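As the structure is a prediction and not an experimental result, all values here were calculated from the model.
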Amino acid sequence: MQKDNQPKSFMYGAIILLIANALVKVIGAVFKIPLTYILGEEGMGYFSTSYQMYTWMFIIATAGLPVAISKMVSESSARDRHYEVRRILAVSIKLLMVIGVAGCLLLYFGADFFAEKLLKNSGAAYGIKAIAPAMLFVSAMSAFRGYFQGLQNMIPTALSEVAEALGKLIIGFGAAYMLASYGMELASAGAVFGVSCGGALGFVILYVLYRKHKASSQLSPTKGACESDRYLLKKLIKIAVPITIGASVFSLTSLIDMAMIMRRLQAGGFSMSDANKLWGSYSGYAFPLFNLPPTLINAITVSIVPAIASAFAKKEYATAASTTCKSMKITILFSLPCAVGMSMLASPILNLVYGQTNAAQTLEILAIAIVFVSLVLVTNAILQATGNAMVPVKNMLIGGVFKVIINYFLVAHPTINIKGAPIGTTVCYITILGLNLYDMKKRMKITFPLIQLVLKPVIAVAAMAISLYFVSPIFAGYGKLIASAAPIAVGAVVYAVVLVAIRGIDEEDIALLPKAEALTRICKKLKIIR
């Protein structure tokens with residue numbers, strides 16, 4: 001019975017987070033899109049620089065430890081060691097608070113050095129200081145999120161993410177608006193200060209939910225054996241360090257990449273001001289749109305770690321393999337049309353969202369990487385959940401090296417300039433994905449059903465691309481909304497119809513969704529499935 005329920009439990013959690021992430025992205029769009037009108041390319045350059053600096057520190061608190069907590073909680077819960085589950089949380093809170101305090105102090109007092117010396121963008125110093133307190137709250141949230149995810153309860157994570165986004169929107173946008181008259185440096189700092197406030201709100205929500213969960217829990221807090229705190233801390237670090245190193249390596253590579261882009265643009269003949277505007281166009285306009293689908297896919301990666309870890313703890317290897325293949329199929333079915341559609345419709349989408357198309361060429365290239373980024377996120381999670389945490393580290397390091405090398409040469413080329421950045425990103429993720437798939441096949445002995453997994457989605461998306469090619473010019477002169485929305489609607493319908501016609505989805509896929517029995521009956525009546 002457990003084997004049948006495991007994939008459903010995994011998908012239920014993934015869908016909850018997918019809905020939450022979609023809502024967070026809507027809130028983020030309400031925040032960032034109007035923000036571009038206040039800050040412009042100059043202010044978005046400062047905003048992106050300070051946020052990227054924070055991201056590197058943020059990765060340390062949110063990349064490895066929540067995954068490790070989730071994995072350990074899932075394994076202990078599967079063995080009915082409920083007291084150990086509580087001790088894992090207690091140990092992780094202490095560790096993460098040390099990291100949070102250290103990160104906050106480092107960002108605040110090192111802001112001037114990071115902005116002026118490391119990133120060559122001195123205007124971002126105020127923003128780095130404003131975002132420093134976020135480290136405290138994000139670190140604390142990471143412990144509770146990992147705990148709930150390990151119990152395969154994704155609702156607290158989902159609610160805290162929405163609360164965090166709302167706090168960022170209300171405080172960040174309000175502060176940017178009020179400070180705009182004092183210059184873009186302070187206005188961008190006000191915007192990123194919203195991240196700190198959002199983190200505080202998210203933490204409060206999580207803590208309240210934890211207290212309610214603890215009070216209502218029917219499980220004995222002393223049930224089951226428990227290892228010592230010292231042992232749990234060592235195990236936590238042992239699991240988290242490879243994951244954190246991998247994410248930190250890639251985040252650090254991105255940080256170096258950002259500093260390199262500013263330097264290489266200037267080496268190519270651009271002034272610091274013009275280089276900042278090009279960077280702001282890429283990072284503030286193209287990158288948020290590109291990042292939307294992979295962020296939604298992150299819901300699958302969060303759910304897959306405890307699901308596969310639990311299956312491995314119970315030696316249910318067939319369940320783990322099934323969950324692996326299903327997660328990859330869902331990722332491809334979602335990310336592939338997003339990649340092709342966003343690339344082909346880059347100009348109308350940018351025009352609709354931002355009222356300008358300066359970043360169209362970079363988005364056309366960058367969007368192709370969506371499918372590779374999404375699959376890298378999922379395959380990383382699978383490898384981590386099965387005890388191969390160092391494998392993604394190695395593969396991301398190799399991909400990061402490719403990215404830096406490509407950016408170094410292409411960004412300084414006067415005619416390529418900022419377009420070299422998305423080229424480097426795409427090559428980077430293609431490299432990582434190829435290495436991940438090789439290692440999964442070698443270490444996990446998984447056989448991928450290539451026809452269902454790759455061929456049928458490719459056929460469906462090819463039909464979608466053909467329809468977009470002919471439909472887009474027809475609607476180009478009908479205003480911003482119709483020029484982008486109409487081709488998207490036509491492409492989505494074509495993709496869905498072709499996918500159904502070639503049996504690209506089956507009853508097993510629908511069985512993983514909420515209300516599966518009712519959906520299955522409807523799909524059979526409509527002859528979507530047999």
Side-chain angles (χ1 to χ4, degrees), residues 39 42-66 92-143 164 167-168 171-172 174-176 178-179 182-204 237 240-241 244-245 247-263 272 275-276 279-280 283-284:
L39 301 182
E42 178 189 355
M44 289 305 295
Y46 299 139
F47 176 90
S48 300
T49 299
S50 54
Y51 193 85
Q52 186 67 49
M53 185 65 231
Y54 155 77
T55 298
W56 180 53
M57 300 297 298
F58 163 84
I59 286 292
I60 296 175
T62 62
L65 284 167
S92 65
I93 288 174
K94 293 176 184 176
L95 177 60
L96 278 160
M97 287 314 299
V98 170
I99 293 173
V101 171
C104 177
L105 294 175
L106 181 62
L107 281 176
Y108 187 84
F109 291 105
D112 292 324
F113 170 79
F114 293 138
E116 294 175 14
K117 304 297 183 183
L118 181 63
L119 304 176
K120 291 294 182 182
N121 202 356
S122 58
Y126 291 119
I128 296 174
K129 290 181 179 180
I131 206 170
M135 281 298 303
L136 294 172
F137 304 113
V138 168
S139 297
M141 280 196 291
S142 295
E164 188 179 0
K168 180 172 70 174
I171 304 298
M178 289 188 293
L179 293 171
Y182 295 94
M184 290 301 100
E185 294 181 10
L186 287 177
S188 63
V192 294
F193 181 66
V195 177
S196 296
C197 297
L201 182 59
F203 167 71
V204 170
I237 293 173
V241 165
T244 303
I245 290 174
S248 297
V249 163
F250 198 74
S251 181
L252 181 59
T253 302
S254 298
L255 195 64
I256 296 170
D257 184 35
M258 178 179 67
M260 179 184 294
I261 287 173
M262 289 293 294
R263 284 179 166 84
M272 179 180 288
N276 181 59
W279 165 247
S283 61

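For the side chain to side chain contact (heavy atoms under 4.5 Å, CB included) test with Val101, the passing option among Ile99, Leu105, Val98 is Leu105; the others fail.
Here Ser50 contributes atom OG and Phe193 contributes atom CZ; the two are 13.5 Å apart, rounded to the nearest 0.5 Å. Note that the CD atom of Glu164 and the SG atom of Cys197 stand 11.5 Å from one another [nearest 0.5 Å]. Rounding to the nearest 0.5 angstrom, the gap separating the CG atom in Leu179 from the CE atom in Met184 is 9.5 Å. Here the CG atom belonging to Leu96 is positioned 5.0 Å from the CG atom belonging to Leu65, to the nearest 0.5 angstrom.
Residues Leu201 and Ile171 have side chains not in contact (no heavy-atom distance under 4.5 Å, counting atoms from C-beta outward). Side-chain contact check for Ile128 versus Phe113: every heavy-atom pair is 4.5 Å or farther apart.
Summarising the geometry of Phe137 relative to Phe203, their closest heavy-atom pair is O-CB, 4.3 Å, with the distance given to 0.1 Å. Of all the heavy atoms in Ser188 and Phe47, the pair that sits closest is CB-N, 3.9 Å. Between Lys129 and Ala111, the closest heavy-atom pair is CG-CB, 3.4 Å. Across Ser139 and Gly100, no two heavy atoms sit closer than the pair OG-CA, 3.2 Å. Summarising the geometry of Ile131 relative to Tyr51, their closest heavy-atom pair is CD1-CD1, 3.7 Å, with the distance given to 0.1 Å. Summarising the geometry of Leu107 relative to Met135, their closest heavy-atom pair is CD1-CG, 3.8 Å, with the distance given to 0.1 Å.
Between the side chain of Ser196 and the main chain of Ala130, a donor-acceptor pair closer than 3.5 Å is present.
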